[in-house]
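In this text the structure is predicted, and so the values were computed from the model without any measurement.
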Amino acid sequence: MSIPSISRTALIKQLQSFLPRTAVLYEEEDTRPYECDGLSAYRHLPWLVVLPETVAQVQTIMQLCHAERVPVIARGAGTGLSGGALPADKSLVLSLARFNQILEIDLPNRVATVQPGVRNLAISDAVREHGLYYAPDPSSQIACTIGGNVAENSGGVHCLKYGLTVHNIQQLKIVTVDGELVTIGGGGLDAAGYDLLALMTGSEGLLGIIVEVTVKLLPLPQRAQVMLAAFDKVDQAGTAVASIIAHGIIPAGLEMMDNPAIRAAEAFAHAGYPTDAAAILLCELDGSNEEVSEQIMQVRELLQQAGATQIRTAADEAERLQIWRGRKSAFPAVGRLAPDYYCMDGTIPRKQLPFVLQRINELSEEYGLPVANVFHAGDGNLHPLILYDANKPGELHRTEEFGAKILELCVEVGGTITGEHGVGMEKINQMCVQFNSLELSQFHAIKAAFDPHTLLNPGKAVPTLHRCAELGAMHVHHGQLPHPELERF
């Protein structure tokens, strides 16, 4: 990582020459809230924090940091769960919190242009009166920001039918590492040249600073109805998921929770969940009245064939929202079961659900750590929540080791180490398991094209080849001679 060529005091003075004094934080009590994101097990006090309000200010900050070789970590609401916004040594945290305006709502073209600090849910709230909404809905949508959603390619409970963030944005404006303002994408559904929009989405702050996002808006469905099905066995719920998809039905949302998660969510949200069930499925169907009515009958039959012991359909909108409230509050609800929990994020082929859940149970017994499972069953995105107590010596280390085994299991069955939380610091070692040396070299080459001095979010998402070699976890192609410029990453 680059070493700044400027002292902290001199950098503060230069920043205060064009930013309000309240926008430059350097006292420990002011910078402490920025020492971690939602993965609070990893903490590092920032060197400095800046809170710009205009694109021009962001450009000047980046020009200054580029000239003085100061690492920059872009930060949204800090709800990330992979340590993606963890400060590095002698780094500047650039908070986009004050970029919180909806700039334009274009109803004829069904798009909205927003600043990166706008909350995910605020977009749907702003366009609901026009019969529109923004589809991606992470569980943290009440707090997470659209810039962070782009950086992590977030999904949510409705991503099965409507896609991830990458499928729901049309244009980005970014500030490059040397301060240029660049527009990626365009006003239409396709743009000429390389698909840099997809490259930027999920890039975890490694390639540029997002300062504006144009999102696609969808019409609210005529009808949306959720079904709740209870099962005596977790593998029966997994079978039901595969059966629904195999019959050509694509629900708006298809979520699964196991018994520990069910009990925690019910105690927290009082959603009417059956607390004696081994697992529940939440299946939401949306579309026209006729389409939903027909699919509800089809899904009910498939659930019964899979062994559902109870099937309930929300009678009205209030009950539908209450059922979903339980699922969306599952993460904070599980937090009541133990002093700490570690939220994992991996994705597997749907057919592997029963096997993977069985292996997670076996690993849970092996490590002596309970697990509550909450996941997007429709697209195989798992969120095992490992319960532990960080105050017990060695328990955090054991928890991280357990989590690593889960991610490696995902790769083993043909999946991937992340679905929507990103790699950050949390999963960087498992990148060595998923990708070989040639693939990682290609990632580094892309990084070097955008950020040759590795100033943007250094040390995150893509491991060095040396790190992987030391772990002994990566297959190195014989005869490979990486470009000398890549060896320093």
Side-chain angles (χ1 to χ4, degrees), residues 1-37 42-80 83-101 103 115-118 145-148 150-151 172-182 203-213 447 450-460:
M1 188 178 76
S2 295
I3 298 173
S5 58
I6 187 172
S7 71
R8 184 169 178 266
T9 302
L11 181 58
I12 291 170
K13 186 175 181 179
Q14 289 213 42
L15 290 167
Q16 289 178 335
S17 69
F18 63 90
L19 290 172
R21 288 188 173 267
T22 55
V24 183
L25 309 181
Y26 52 88
E27 299 290 353
E28 181 176 337
E29 63 182 13
D30 296 324
T31 61
R32 180 69 67 184
Y34 300 88
E35 67 179 353
C36 69
D37 59 13
Y42 298 173
R43 297 172 183 266
H44 194 289
L45 199 66
W47 208 38
L48 293 172
V49 178
V50 291
L51 295 96
E53 295 182 350
T54 69
V55 172
Q57 288 174 349
V58 174
Q59 290 182 269
T60 306
I61 290 167
M62 293 310 303
Q63 288 163 0
L64 172 60
C65 289
H66 182 258
E68 302 293 351
R69 298 294 186 262
V70 178
V72 177
I73 287 83
R75 180 186 172 96
T79 60
L86 183 73
D89 285 333
K90 294 188 177 181
S91 65
L92 178 144
V93 172
L94 195 161
S95 170
L96 281 305
R98 294 180 178 176
F99 281 71
N100 58 6
Q101 300 299 307
L103 302 175
Q115 292 183 315
V118 171
T145 57
I146 195 66
V150 174
L172 295 175
K173 286 188 180 179
I174 67 164
V175 173
T176 64
V177 69
D178 55 357
E180 289 189 27
L181 181 63
V182 177
S203 61
E204 302 193 37
L206 271 68
L207 306 181
I209 309 296
I210 298 164
V211 292
E212 187 177 293
V213 186
K447 166 72 168 168
F450 282 82
D451 179 19
H453 302 294
T454 63
L455 298 178
L456 294 172
N457 213 7
K460 312 286 177 52

Close side-chain approach of W47 to L11, heavy-atom, < 4.5 Å: yes

Compare all side-chain heavy atoms of T145 with those of F99 and state whether any distance is below 4.5 angstrom. no

All N/O donor-acceptor pairs, side-chain side in residues 14-22, below 3.5 Å, sequence neighbours left out:
residue, atom, partner, partner atom, Å
Q16, OE1, R21, NH1, 3.1
S17, OG, Q14, O, 2.4

Would you mind reporting whether L86 and K460 have side-chain heavy atoms less than 4.5 Å apart? yes

Quick one: does T60's side chain get under 4.5 Å of V58's, heavy atoms only? no

Which one of L206, L207, T176 satisfies the side chain to side chain contact (heavy atoms under 4.5 Å, CB included) criterion with F450? L207

With distance as the sole test, does Q115 use its side chain to make a donor-acceptor pair with the main-chain N or O of N100 at under 3.5 Å? yes

Between the main-chain N or O of K90 and the side-chain N or O of R8, is there a donor-acceptor pair closer than 3.5 Å? no

Salt bridge between R43 and E35, side-chain N to carboxylate O under 4.0 Å? yes

Expected output: side-chain N457 to main-chain E204 donor-acceptor under 3.5 Å: yes

Mind checking whether L25 and Y34 have side chains closer than 4.5 Å, heavy atoms only? yes

One should read off an interatomic distance between D30 CG and L48 CG, to the nearest 0.5 angstrom, of 11.5 Å

N/O donor-acceptor pairs under 3.5 Å from side chains in residues 65-79, not counting sequence neighbours:
residue, atom, partner, partner atom, Å
E68, OE1, S5, OG, 2.9
R69, NH1, H66, O, 2.5
R69, NH2, H453, NE2, 3.0
R75, NH1, C36, O, 3.0
R75, NH2, C36, O, 3.4

So which atom in P458 and which in T454 form the shortest heavy-atom distance, rounded to 0.1 Å? CB-O, 3.5 Å

Tell me whether K447 contacts the main-chain N or O of P452 through its side chain, where contact means a donor paired with an acceptor under 3.5 Å. no

Gap separating the CZ atom of R98 from the CD atom of Q57, nearest 0.5 angstrom: 9.0 Å

Going by heavy atoms in the side chains, are L94 and I61 under 4.5 Å from each other? yes

In Å, rounded to the nearest 0.5 Å, how long is the span from CG of L181 to CD of E212? 8.5 Å

As a quick check of understanding, evaluate side chain to side chain contact (heavy atoms under 4.5 Å, CB included) for L172 and V150, giving each step before the final call. CA-CA 9 Å; L172 295 175; V150 174; 4.0 Å; yes

Hey, are the side chains of H44 and D89 touching, using non-hydrogen atoms and a 4.5 Å cut-off? yes

Would you give the length of the straight line joining atom CG of L96 to atom CD of E53, rounded to the nearest 0.5 angstrom? 12.0 Å

Please report the interatomic distance CG(L456) to CD1(I209), rounded to the nearest 0.5 Å. 5.5 Å

With side chains defined as the heavy atoms from C-beta onward, is the minimum distance between L45 and P87 less than 4.5 Å? no

